[in-house]
Structures are given as C-alpha cells and as structure tokens.
Protein chains: 2
Amino acid sequence: MTGTSEVSPLTLNRLSIYLRSLRQLQDHGVHRISSKQLADQFHLSPTQIRKDLAQFGEFGIRGVGYDVDHLAGRLTELLGLDSCRRLILIGVGNLGRALAHYVGFNSRSFRLVALVDQDPTKIGRRIGELVVQPPARLADLIRETGAEIGILAVPEEAAQANYDALAEAGIRAVLNFAPARLRTDPHVRTKDVDFRINLEELGYYLK
Amino acid sequence: MTGTSEVSPLTLNRLSIYLRSLRQLQDHGVHRISSKQLADQFHLSPTQIRKDLAQFGEFGIRGVGYDVDHLAGRLTELLGLDSCRRLILIGVGNLGRALAHYVGFNSRSFRLVALVDQDPTKIGRRIGELVVQPPARLADLIRETGAEIGILAVPEEAAQANYDALAEAGIRAVLNFAPARLRTDPHVRTKDVDFRINLEELGYYLK
DNA sequence: AGATGTGAATGAGTTCACAGCT
DNA sequence: AGCTGTGAACTCATTCACATCT
C-alpha cells in the first residue's frame, strides 16, 4: 500500500532497528519470528512493528509470523541499502577523523569517497585511502565522485558556509555534526546530530 | 508552574537550542528579544518557544519580550548547566578518542574525569590529561571521581556488558554510541546516539 | 500597540482490540 | 489456535487564536 504522504523519520529509524535485529537473528540461524518474539528480544513494541511495516505492504504470514530472510531482504530494499550511497566528509578534525574510520561509513551501503578541509596543514594528508582536498575542489569532487550525502564535521562558525557550499554543489543530503542552527536548503535533506544536546538532556534529569 | 508530570525530551532539547541561541545573541550585545525575532533568527517557532518556556514559569514581559541575559540565566539553571557533571568514557577507539577531545565534553558544564578500555595495549596510555584504566577499576573510578554520566563508545558486542557494569557501579545516566539495543536499567537514564540510523534515514529519501 | 502566556483545536504517533487469514 | 494487519481510541505534540498584561 503505497500511501501518498511521506514516511515519518521515527518510523524509518525503527525500520533500521528492525533490520539490524533481523540480521542478528540471521546470524543465529533463526528463520522465522513473530512480532511478539522480535519485540521481546530487542525491547520493541509488537504492534508498532506491525504498524510500521503496514505502511509498505504485507510482509508476514497470518497465524505464523515473518520469514526472517524475506523480511530482512524487503527492509534492505525499502531503505535503499541494497545500493551504495557515496559520502563526502567536510572537516577532518578529531571528530571528522573518527567518522572517517567509522565502519558504518564504509559498509556495503555507504562509502566515503572524499575528504575536504580548509586547513592548509591538513590538505594533502592521507586518511585511510583518501587524501584531504581543499574546499575549492568541493564542487568538482562531488561531480567526479558522485557523492550524494555530505557529512558536516566542521566547527560551529564554519557550518553554514560549508552547508551552503554543499547545497550549491548539488549535494542531496547532509548529516550535520556541528552544533549550529542551519538555514537549510529545501532541496537538501538535512539531519542534525548534536551530542551536546543529548548530554544536556541527560544532565537535566540528574538534578 | 511546577507541573507534576515529566518534561518531554523534545521540549528539553529545544530548551538547549534556545539557550545556545541566546548566548549567541549575548555575544552580539543583544539584550532584549521577542519570541518572534528569536524564531526568525534561528529557524524556530515563536509559539513553541513560548509554550516550552511556559512549562517552567513566566520569563518574559508582555508587550515587550524577553531579557536575553535573564532568560539565558534561567535556562542555564533549569537545565542544570550551572553545575558541572562528571563524565566517564568507556572505550577509547577512534570514536572514543574523538569524543575525549570533543570540547562539549570538557566545558563549564561537563568534564571528562575518567577513561576506561579493555584493550591491554591501550591501558596506561594518556589521552589529554587522563590515563586509560582497566575495566576492573570501573566501580572504584566512579566512586573516586564522582562520575554521574557514562559515555559508551565500545563495539556493539561489548555494549550490553559495559552498560550493565556501569549500572551496577551506580552510574546515573548513559549516553550510548554503540549500535545496540540495550536492555536498560530503570534507574539509569539512557540515551542512544546512532549515526548509522541517521545515515540510513537520509539514504532512504534519496531513492 | 505589541508581545506574552494559554485554553482550545488540530495534527502526529502510539496503543488497543479485533476481524481476517493460515 | 495463533499471529498478522488495521480501524478506532487514545495519548502526546504542535499550532491557532485570543485574553491578558505592560
């Protein structure tokens, strides 16, 4: 059932979790599971699993449950994880370098294809298999490598300018690690990851 | 108005953003602002700002707006950022080391006080001002340093065991960077940060 | 006049409860 | 009998619209 309205990020994030859980089950040789069992094992809600899946079709067998391999396969397609997205990382400070080595950024579904930093002492350095490039090459790099997602790991002050440059160069999505309120481009999917906000949330409850 | 029910994380996260925005205004010498102006400058919703603040009292002046310094001060208290929370970091791989250097983890409101890793080749190494300690010392470290928040930056397989050890040792909150579904302890505030989920969300929309 | 603070209305997201398959 | 898929009920969150105050 292909509804016309967009899928909520919350649902999407849970689909990622379901898929990950299913893969773990595959590794343990499990071939069939009910929403209840899945929920119990991974601390999820069985109704929510079914509702989330319902947005995309019928994947289970009534009275029986889900075929683990089949469902994992469908979720993989659904999330677009069967093809490989190319990433360009802007900013190779401490965080940027850690992200560059992060396995999730170099898996079957995602691959880091370019590194950019403005600092002359960093340009030319090799990190993993890539060499840090100057910002002037940004647009060319995106065109040459076919990068679709930009990872912003620059300091707060530089965030907006780099975001704008990415948008201008035709990037399609940005994962922003800078603690800045970006003026976003409507053509660019943008998602913030902000540790400080998460920390402050935890801190609040400790009072 | 001290309502009895708990504040939602969504509200809390926005309060962090408001505070950050106000501090930027302070740096620019702005002393008074309306919810409308604040919203315009930082891409927020004016009604939501007012509703969020309303949960904690009346901070503005009708017909006038908010005193920037005063509101910033109240939010700082409210979020508990006037005192300093001590953090213990578990796992000093790529991500862990980046986090150790992350300024937000060593600010006025948060301070990293201990590092732990299980890898014998890492134990004893100095990172910043701290020396990496073995897991056996975890409980002692938490007691000695008064650490309240644990940062989990270990591989997926090790996440649950380390979480349990932190909970057992009396930690009050955990910020988990491992891509694992943790069985959480009801006495420990737990928050997940998962880059892969965020990436996959962006990836979905690119299909 | 102009902006806050807030009840009422709307919308989004989750849970319930059960009809419908296997 | 058992588990999925789903309308209806409910809860949580945002937005509207306006009374209230400076």
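Residue numbers begin at 1 in each chain, while the letters A, B, ... track the order of the sequences. In this text the structure is predicted, and so the values were computed from the model without any measurement.
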inquiry  = Can you tell me if A:Tyr66 touches the phosphate of D:dG5, counting only side-chain N or O atoms and a distance under 4.0 Å to OP1 or OP2?
reply    = yes

ask   = Does A:Lys122 reach the main-chain N or O of A:Pro134 with its side chain, forming a donor-acceptor pair under 3.5 Å?
value = no

query = Do B:Arg86 and B:Thr145 have side-chain N/O donor and acceptor atoms under 3.5 Å apart?
reply = no

note = Read 5' to 3' with Watson-Crick or G-U pairs under 3.5 Å, [ ] for crossing pairs and | for partners on another strand, DNA chain C gives ||||||||||||||||||||||

key: Check: A:Leu206 main-chain N/O paired with B:Arg172 side-chain donor or acceptor under 3.5 Å   = yes

request  = Could you check which residues of residues 38-52 of chain A get a heavy atom under 4.0 Å from DNA chain D? Sort them by number, please.
outcome  = A:Thr47, A:Arg50, A:Lys51

key: Main-chain N/O of B:Phe110 paired to B:Arg85 side chain as donor or acceptor, under 3.5 Å   = no

ask   = Are A:Asp52 and A:Tyr18 linked by a side-chain donor-acceptor pair shorter than 3.5 Å?
value = yes

request  = In plain terms, say whether A:Lys36 and A:Asp40 are close enough for a salt bridge, that is, a side-chain N and a carboxylate O under 4.0 Å apart.
outcome  = yes

remark   = Taken to the nearest whole Å, CG/A:Leu10 to C1'/C:dT14 is 11 Å

request  = Using whole Å, report how far CG of A:Asn13 lies from P of C:dG13.
outcome  = 12 Å

query = Base, sugar-phosphate, or nothing for B:Leu53, non-hydrogen atoms under 4.0 angstrom?
reply = nothing

ask   = For B:Arg32, which contact category applies under a 4.0 Å heavy-atom criterion: base, sugar-phosphate, or nothing?
value = nothing

message = Ignoring hydrogens and geometry beyond distance, is a side-chain donor-acceptor pair present between A:Thr190 and A:Tyr163 at under 3.5 Å?
response = yes

message = How close do A:Ile151 and B:Leu199 get, counting heavy atoms only, and between which atoms?
response = CD1-CD2, 4.1 Å

message = Please report the interatomic distance OH(A:Tyr205) to CD(A:Glu201), rounded to the nearest 0.5 Å.
response = 5.0 Å

query = In whole angstroms, how far is the P atom of C:dG5 from the CD atom of B:Gln55?
reply = 13 Å

task = Round to a whole Å and report the spacing from NZ of A:Lys36 to P of C:dT15.
result = 15 Å

inquiry  = Salt bridge or not between A:Asp194 and B:Arg20? Use side-chain N to carboxylate O under 4.0 Å.
reply    = yes

Write out a two-atom table: protein N or O, nucleotide N or O from nucleotides 20-22 of chain D, distance below 3.5 Å.
{"from": "D:dT20", "atom 1": "O2", "to": "B:Arg62", "atom 2": "NH1", "distance (Å)": "3.0"}
{"from": "D:dT22", "atom 1": "O4'", "to": "B:Arg62", "atom 2": "O", "distance (Å)": "3.2"}

query = Just to confirm, is there a sub-4.0 Å distance from OP1 or OP2 of D:dT4 to any side-chain nitrogen or oxygen of A:Ser35?
reply = yes

task = Classify the ring geometry between B:Tyr102 and A:Phe195 as parallel (under 30°), tilted (30 to 60°) or perpendicular (over 60°).
result = perpendicular

query = In whole angstroms, how far is the C1' atom of C:dT4 from the CZ atom of B:Phe59?
reply = 13 Å

